[in-house]
Amino acid sequence: MHQLTIAEIIRGLQSKAFSSTELTRHLLTRIQQLDNSYNSFITVTEELALSQAEAADRHLASGEAPALCGVPIAHKDIICTNGVRTSCASKMLDNFIPPYDATLVENLNAAGTVTLGKTNMDEFAMGSSSESSYYGSVKNPWNTRCVPGGSSGGSAAAVAALLVPGATATDTGGSIRQPAALTNTTGLKPTYGRISRWGIVAYASSLDQAGPIARNAEDAAYLLSAMASHDSKDSTSLDCPQTDFTAELNNSIAGLKIGVPREYFGEGLNAETAARVQAALKEFEKLGAQLVDISLPHTELAIPAYYVIAPAEASANLSRFDGVRYGHRCITPKDLRDLYRRSRGEGFGEEVQRRILVGTYALSAGYYDAYYNKAQQVRRLIKQDFVQAFEQVDVIMGPTTPSPAFELGAKVADPVAMYLEDIYTIATNLAGLPGMSIPCGLVNNMPVGLQITGNYLNEARMLNIAHQYQQVTDWHKASAV
């Protein structure tokens with residue numbers, strides 16, 4: 001049963017080939033037996049899962065259950081879950097149990113999904129390899145000596161290891177798409193504001209966006225249909241009509257114009273990765289699409305702009321973790337200053353501390369205009385590049401990552417090298433656009449991802465494009481286990 005996709009599970013549950021309780025027990029057993037090898041879960045919610053599965057079976061028996069009723073999933077541990085620890089993979093929140101659900105969790109609960117647990121990640125979503133977790137590194141199921149990508153590496157690894165058919169994740173600078181690429185899964189970051197951020201612990205508020213990781217585009221479409229909604233509790237939430245993202249999956253893509261940015265195929269891109277991406281583009285041509293050479297001239301400025309803006313916002317967002325209200329508190333502080341200093345020093349890991357320091361510096365008197373304000377001006381130029389590109393093309397395609405997964409520990413001592421892993425994904429966040437990564441081949445038996453970037457609120461078309469590619473290729477069916 002663990003090999004079934006979400007679409008296959010939906011059909012199986014509706015035909016009564018198996019029950020949600022049977023499937024949930026099977027996956028819980030599999031997590032217990034296998035996850036020591038991957039460390040993809042921080043918390044497994046066995047009692048909650050079985051309770052939800054039994055309720056789903058009763059709902060399914062009524063004949064009026066929603067499509068996802070009884071489908072097991074997992075949530076990234078930065079997303080608040082009522083009564084279940086939400087740690088952000090940090091010692092700072094090791095003991096935090098929210099008294100409420102995030103809006104997207106409420107939506108998925110209303111759809112009848114079953115929560116198997118909370119997945120491991122980079123601490124406070126700061127990283128590109130899922131190595132900065134307080135609970136230890138996540139391992140890539142394709143090669144446990146390698147990283148699964150980050151920060152949503154636990155969600156991606158759990159799906160790739162067939163421990164769960166789909167999972168929620170968040171993407172601030174590529175943290176859904178990059179791990180999806182490195183684990184041969186399908187990951188979608190929607191348009192900024194498409195999914196409510198209420199109840200998601202903030203890293204960089206103008207960049208964060210939740211989305212699904214699944215095995216294929218059809219499964220991602222099912223999850224996105226349930227996750228997306230307008231939310232009055234989130235001032236950045238877009239007031240869009242409820243959408244069934246599965247409705248257009250089978251539409252033809254003949255006549256599609258695909259922009260291929262020349263900046264994405266230059267120095268720094270692994271040659272074999274480039275070859276797999278080019279081969280994928282040729283498949284799209286066979287499906288009737290047209291390739292158009294385009295330029296995104298400010299691409300090289302995306303990383304320096306991002307690593308000013310994101311740390312600045314993180315510095316402000318993480319100031320609330322001070323040892324006073326909730327979270328880690330140091331023992332026997334001498335005074336208030338000591339309480340703040342030691343609680344934060346003990347509670348935050350090295351990468352989080354590094355970004356807080358960078359962000360605080362960029363926002364400080366005398367440097368705000370030189371760094372933060374300048375980065376926001378660059379951000380506007382990057383957004384304008386995409387606006388001009390979408391006047392010529394329908395979507396933009398290129399590599400998701402410069403190379404396949406690297407070995408654990410290979411870049412921990414070199415933060416800049418780690419940051420460069422997001423070279424192709426960050427601009428999408430800076431512009432607020434939707435982006436996704438789909439499997440497009442293997443290099444030395446390690447996955448490679450193709451990135452699809454769409455215009456604002458164009459997720460349905462992107463999923464249609466990805467689904468049509470997956471109807472004529474089998475890369476998404478390749479399994480790590």
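All residue numbers refer to positions in the sequence shown, counting from 1. In what follows, every heavy atom counts, from backbone to side chain, and hydrogens, waters and symmetry copies are set aside.
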Smallest separation among heavy atoms of P179 and T185, with atom names: O-OG1, 4.3 Å
Test item: D219 side-chain N/O and I6 main-chain N/O as donor-acceptor pair under 3.5 Å: yes
Donor-acceptor side-chain pairing of S129 and E421 below 3.5 angstrom: no
Which atom of G136 lies closest to which atom of N120, heavy atoms considered: O-ND2, 3.1 Å
Between Q242 and S229: side-chain donor-acceptor atoms closer than 3.5 Å: no
Short side-chain donor-acceptor distance under 3.5 Å, K139 and S37: no
Exercise: do S128 and D422 side chains pair donor with acceptor under 3.5 Å: yes
Show me, pair by pair, the donor-acceptor contacts under 3.5 angstrom made by side chains of residues 364-373, not counting sequence neighbours?
unit_1 : atom_1 : unit_2 : atom_2 : d
S364   : OG     : Y361   : O      : 2.6
Y372   : OH     : Q376   : NE2    : 2.9

Between S90 and E123, a side-chain donor and acceptor under 3.5 Å: yes
Distance-only donor-acceptor check, side chains E350 and S132, under 3.5 Å: no
W198: ring pair (Phe, Tyr, Trp, His ring centres under 6.0 Å) partners, not counting sequence neighbours: Y100
Heavy atoms from other residues, nucleotides or ligands near CD of E263 exceed 12 (cutoff 6.0 Å): yes
Pairs involving residues 304-324, ordered by first then second residue, that meet side-chain hydrogen bond (donor to acceptor under 3.5 Å, both in side chains) (sequence neighbours left out): S205-N317, S206-E313, S315-T360, N317-R320, D322-R325
Whether N429 side chain and T172 backbone form a donor-acceptor pair below 3.5 Å: yes
Within 6.0 Å of CZ in R262, more than 12 heavy atoms from elsewhere: yes
Test ring-ring contact (aromatic ring centres under 6.0 Å, His included) applied to F124 and F321, step by step: CA-CA 12 Å; F124 281 101; F321 304 116; 5.3 Å; yes
Exercise: do Y326 and N95 side chains pair donor with acceptor under 3.5 Å: no
Tell me which donor-acceptor pairs under 3.5 Å the side chains of residues 271-278 have, and how far apart each pair is, sequence neighbours excluded?
unit_1 : atom_1 : unit_2 : atom_2 : d
T273   : OG1    : N270   : OD1    : 3.2
R276   : NE     : L442   : O      : 2.9
R276   : NH2    : L442   : O      : 3.4

Criterion side chain to side chain contact (heavy atoms under 4.5 Å, CB included) on I309 and L430, from CA distance to verdict: CA-CA 9 Å; I309 294 168; L430 290 169; 4.1 Å; yes
Side-chain H-bond candidate by donor/acceptor type, S87 with K118, under 3.5 Å: no
For the student: nearest non-hydrogen atoms of L363 and A312, plus distance: CD1-O, 3.4 Å
Set of residues satisfying side chain to side chain contact (heavy atoms under 4.5 Å, CB included) with respect to D414, sequence neighbours excluded: V416, A417
Salt bridge present between R341 and D338 (N-O < 4.0 angstrom): yes
Working for salt bridge (Lys or Arg N to Asp or Glu O under 4.0 Å), residues D231 and K233: CA-CA 5 Å; D231 183 10; K233 298 189 294 292; 3.3 Å; yes
Other residues, nucleotides, ligands: >12 heavy atoms within 6.0 Å of K91 NZ: yes
Atom CD of Q32 with >12 non-hydrogen neighbours under 6.0 angstrom: no
Taking every non-hydrogen atom, the tightest pair across S403 and L182: O-CD2, 3.8 Å
Distance-only criterion, 3.5 Å: show the donor-acceptor pairs between side-chain atoms of residues 445-458 and protein atoms not counting sequence neighbours.
unit_1 : atom_1 : unit_2 : atom_2 : d
Q451   : OE1    : R177   : NH1    : 2.7
Q451   : NE2    : Y424   : O      : 2.8
Y456   : OH     : A431   : O      : 2.6

Modelled atom types, side-chain donor and acceptor of K76 and S155, under 3.5 Å: no
N39 side-chain N/O to V138 backbone N/O, donor-acceptor pair under 3.5 Å: no
Criterion side-chain contact (heavy atoms from CB on, under 4.5 Å) against I200, the qualifying member of I195, I79, T168: I79
